[in-house]
Colleague: 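I have a structure I would like to understand better, so I am pasting it below and will then ask my questions one at a time.
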Amino acid sequence: MNEPPEHCSKSPSESTESADDAGSDETTESLFLGGEGGENAYRTAMERTTDAVLDAFVENADPYSGASPEALREEFSEMEMIPETGEGLASALESAEPVLRNSVGVSNPRCLAHLHCPPMVSGLAAEAMLSATNQSMDSWDQSPAATLLEIRMVEELCDLFGYDDSGDGVFTSGGTQSNFMGLLLARERFATERFGTDVTQSGLPHRAKAMRILCSEEAHFTAEQAAAHLGLGENAVVTVESNDDREMCLDALDRTLAELDERELLPFALVGTAGTTDFGSIDPLDELAERAEEHNLWFHVDAAYGGALALSDRHRELLSGIERADSLAVDFHKLFYQPISCGAFLLRDGSQYEHIARNASYLNPKGASAPNLVAKSVQTTRRFNALKPFVSFRALGRDGFGALVDATIALADDVAELLAANSSFELVAEPTINAVVFRYRPHRMSDERLSWLNEAIRESLLREGDAVVARTEVDGVTALKFTLLNPRTTLADVADILDAIQRRGGSLSTVFPEVSR
Ligand SMILES: *Cc1c(COP(=O)(O)O)cnc(C)c1O
């Protein structure tokens, strides 16, 4: 490293300014915890950060400032990202204020678009601890207690989902990575058994062209993404029709399996979804597990969204069969209310990990007895995200979490009733968890007009900062979606948003561009 610039090597006593308005006079010592002045700098910075978050973010009445991409581009274009000379921490923290002011208010009760949760205070506190301690989960000597705590957390999670002692797993960045890991292990096992090929060593054999992954039409796009990354190609994913409740249709699955067999294609993995992103629907997991056993398929369950039902006495039944999954994905940054990012990949038979084990002489040399988690993850340097659910579970308990989840599901049912009773709206599907898909449709109109109108309503709500609502496409026609994750959202909040939608819908209807009759 270069010598620190001259002004940095000054000791605090030489500085003429107080720590409060230090300009760029931070000393090398005060830049780091443990250094002289570092402790004060940390405390001050964390206090200022807390104040800034509360003042510029949490206090906002509306879930979004309404700033357009152009307005934000303009605001930031003037701002130097990498200035020649530092302005000091106090001032630097202030320059982040427009970011806070124009962030989407995830904790606002009228922010109900995506599977994007209001983070719990317990998780935010844990987040501060895990970033300050900065443990890295790849090797034990970089994260001694953190490694052991993550191992314990994975054990109890395996237990929560009905796995026995052979279960194993690891924390991940989220569902994308967990789904990738499930399909990666599925691919390795199949290639070993069927072709006698160690794909990790030799790459994919020619016959891998015939390998197929099955999932429903409503499955998350990361199944296809994983297929692409695994060298199988997106075309290796065969989607199975879903029924009116948006669950995988078993007849269609049986038909598809028979067809694949006839065409001498090689299905090796079946992905069930417990909580589809759009509808929250849950595939019939027990029946899927049966088909998987029958056809020797790896059964992966994507429970990124619905996994939290395991905490609810009232709704746990919906996950029945998940304990038969070879692997599963669960996200804590969705219905478990933990700050991003935080997910886990769980494996029913931990010995399957042998397919991807690798050893690096500097991290986990062969024969080392220390518990190094690097071999269980596709990441190397990795955050200690397990601390967040740990602190939150301890704070709230399983029943506390269960009550939150139950309340959001009850709200979704009430909202569905409200929509069904209002002739200006069309409820697209009965909610399973807490996602409600609907359209504003005050009278009959063309699909094109209906799509335009609902999208225009969504945009206008966001632009005015009134509510953050999602859009999706159902059977080729745009629909609106509430994802009611926030336990603080009330039926009155939702009723207000529906009023706003009707008002906007009414005025937008008169300005529909002349693209169709
Ligand atoms: C959110 C989600 C994913 C993707 O997970 P990330 O945490 O965003 O990586 C995958 N599957 C389902 C069903 C999801 O809801």
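Residue numbers count from 1 along this sequence.
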Colleague: Closer than 4.0 angstrom, basic N to acidic O: yes or no for Arg255 and Glu259?
Modeller: no
Colleague: Less than 6.0 Å separating the ring centroids of Phe401 and Tyr337?
Modeller: no
Colleague: Please check if any side-chain donor atom of Ser242 sits under 3.5 Å from a side-chain acceptor atom of Glu247, or the reverse.
Modeller: no
Colleague: Quick one: closest heavy-atom pair of Gly343 and Asp331, and the distance?
Modeller: CA-OD1, 3.8 Å
Colleague: Is the closest side-chain heavy-atom distance between Lys481 and Arg471 below 4.5 Å?
Modeller: no
Colleague: How far apart are the closest heavy atoms of Thr490 and Asp493, and which atoms are they?
Modeller: N-OD2, 2.9 Å
Colleague: For Arg324, is there an ion pair with Glu293 - N to carboxylate O distance below 4.0 angstrom?
Modeller: yes
Colleague: For the pair Arg246 and Asp278, find out whether any cationic side-chain nitrogen is under 4.0 Å from an anionic carboxylate oxygen.
Modeller: no
Colleague: Looking at residues at least two apart in the chain, or sitting in another chain, which of them share a salt bridge (Lys or Arg N to Asp or Glu O under 4.0 Å) with Glu156?
Modeller: Arg152
Colleague: Give a yes or no on whether the backbone of Ala67 and the side-chain of Tyr64 come within a donor-acceptor separation of less than 3.5 Å.
Modeller: yes
Colleague: Counting only heavy atoms not in Asn235 (residues, nucleotides, ligands), do more than 12 fall under 6.0 Å from its CG?
Modeller: no
Colleague: With distance as the sole test, does Lys334 use its side chain to make a donor-acceptor pair with the main-chain N or O of Gly306 at under 3.5 Å?
Modeller: no
Colleague: Counting heavy atoms not belonging to Glu74, are there more than 12 under 6.0 Å from its CD?
Modeller: no
Colleague: Side-chain contact test, heavy atoms from C-beta onward, threshold under 4.5 Å: evaluate it for Phe57 versus Val106 and give yes or no.
Modeller: yes
Colleague: Do Thr222 and Thr176 have side-chain N/O donor and acceptor atoms under 3.5 Å apart?
Modeller: no
Colleague: Among Asn434, Thr489, Val436, which one satisfies side-chain contact (heavy atoms from CB on, under 4.5 Å) with Val415?
Modeller: Val436
Colleague: Charged N to carboxylate O under 4.0 angstrom, Arg212 versus Asp261?
Modeller: no
Colleague: I'd like to know if the side chain of Asn422 pairs up with that of Tyr440 as donor and acceptor (distance under 3.5 Å, no hydrogens or angles considered).
Modeller: no
Colleague: Considering only heavy atoms from C-beta outward, does the side chain of Arg398 approach that of Leu160 to under 4.5 Å?
Modeller: yes
Colleague: Any heavy-atom pair between the side chains of Phe279 and Ile433 that's under 4.5 Å?
Modeller: no
Colleague: Is a side-chain donor-acceptor pair under 3.5 Å present for Glu188 with Thr200?
Modeller: yes
Colleague: So which heavy atom on Phe332 is nearest to which on Ala344, and how close?
Modeller: CE1-CB, 3.7 Å
Colleague: Between Asp254 and Asp251, is there a donor-acceptor pair closer than 3.5 Å when you use the side chain of the first and the backbone of the second?
Modeller: no
Colleague: Going by distance alone, is a donor N or O of one side chain under 3.5 Å from an acceptor N or O of the other, for His300 and Ser327?
Modeller: yes
Colleague: Would you give the length of the straight line joining atom CG of Leu328 to atom CG of Leu346, rounded to the nearest 0.5 angstrom?
Modeller: 4.5 Å
Colleague: Are the side chain of Arg382 and the backbone of Phe171 linked by a donor-acceptor contact shorter than 3.5 Å?
Modeller: yes
Colleague: Taking the side chain as everything from C-beta on, heavy atoms only, tell me whether Cys111 gets closer than 4.5 Å to Val104.
Modeller: yes
Colleague: Can a donor-acceptor pair be found between the side chains of Thr273 and Asp302 at a distance below 3.5 Å?
Modeller: no
Colleague: Among Asn486, Leu485, Val469, Leu411, find the residue that satisfies the side-chain contact (heavy atoms from CB on, under 4.5 Å) test when tested with Leu112.
Modeller: Val469
Colleague: With a 4.0 Å cut-off on N to O distance, would you call Arg348 and Asp326 a salt bridge?
Modeller: yes
Colleague: Please answer whether the main-chain N or O of Gly402 pairs with a side-chain N or O of Arg314 as donor and acceptor at a distance below 3.5 Å.
Modeller: no
Colleague: Checking Glu218 against Ser281: is there a side-chain donor and acceptor pair closer than 3.5 Å?
Modeller: no
Colleague: Can you tell me if Asp244 has over 12 outside heavy atoms packed within less than 6.0 Å of its CG?
Modeller: no
Colleague: Hey, does Phe161 have a side-chain heavy atom less than 4.5 Å from the side chain of Val301?
Modeller: no
Colleague: Any donor-acceptor pair under 3.5 Å linking the side chain of Glu97 with the backbone of Ser95?
Modeller: no
Colleague: So does Thr478 get a backbone contact from the side chain of Arg439, meaning a donor-acceptor N/O pair under 3.5 Å?
Modeller: yes
Colleague: Is there a donor-acceptor contact under 3.5 Å from the side chain of Arg316 to the main chain of Ala310?
Modeller: yes
Colleague: Any ion pair linking Glu75 and Arg101 (charged N to carboxylate O, less than 4.0 Å)?
Modeller: yes
Colleague: Between Glu294 and Arg291, does any side-chain N to carboxylate O distance fall below 4.0 Å?
Modeller: no
Colleague: Where do Leu204 and Gly231 come nearest, in terms of heavy atoms and distance?
Modeller: CD1-O, 3.3 Å
Colleague: Quick one: ring-ring contact (aromatic ring centres under 6.0 Å, His included) partners of Phe268, sequence neighbours excluded?
Modeller: Phe190
Colleague: Counting neighbours of NE2 on His206 that are heavy atoms of other residues, nucleotides or ligands and sit closer than 6.0 Å, is the number greater than 12?
Modeller: no
Colleague: What I want to check is whether the side chains of Thr172 and Ser178 have a donor and an acceptor closer together than 3.5 Å.
Modeller: yes
Colleague: Checking the side chain of Arg488 only, and the main-chain atoms of Ser107 only, is there a donor and an acceptor separated by less than 3.5 Å?
Modeller: yes
Colleague: Which heavy atom of Ser320 sits nearest a heavy atom of Asp286, and at what distance?
Modeller: OG-OD2, 2.9 Å
Colleague: Can you tell whether the side chains of Arg383 and Glu127 come within less than 4.0 Å, N to carboxylate O?
Modeller: yes
Colleague: Between the main-chain N or O of Leu461 and the side-chain N or O of Asp466, is there a donor-acceptor pair closer than 3.5 Å?
Modeller: no
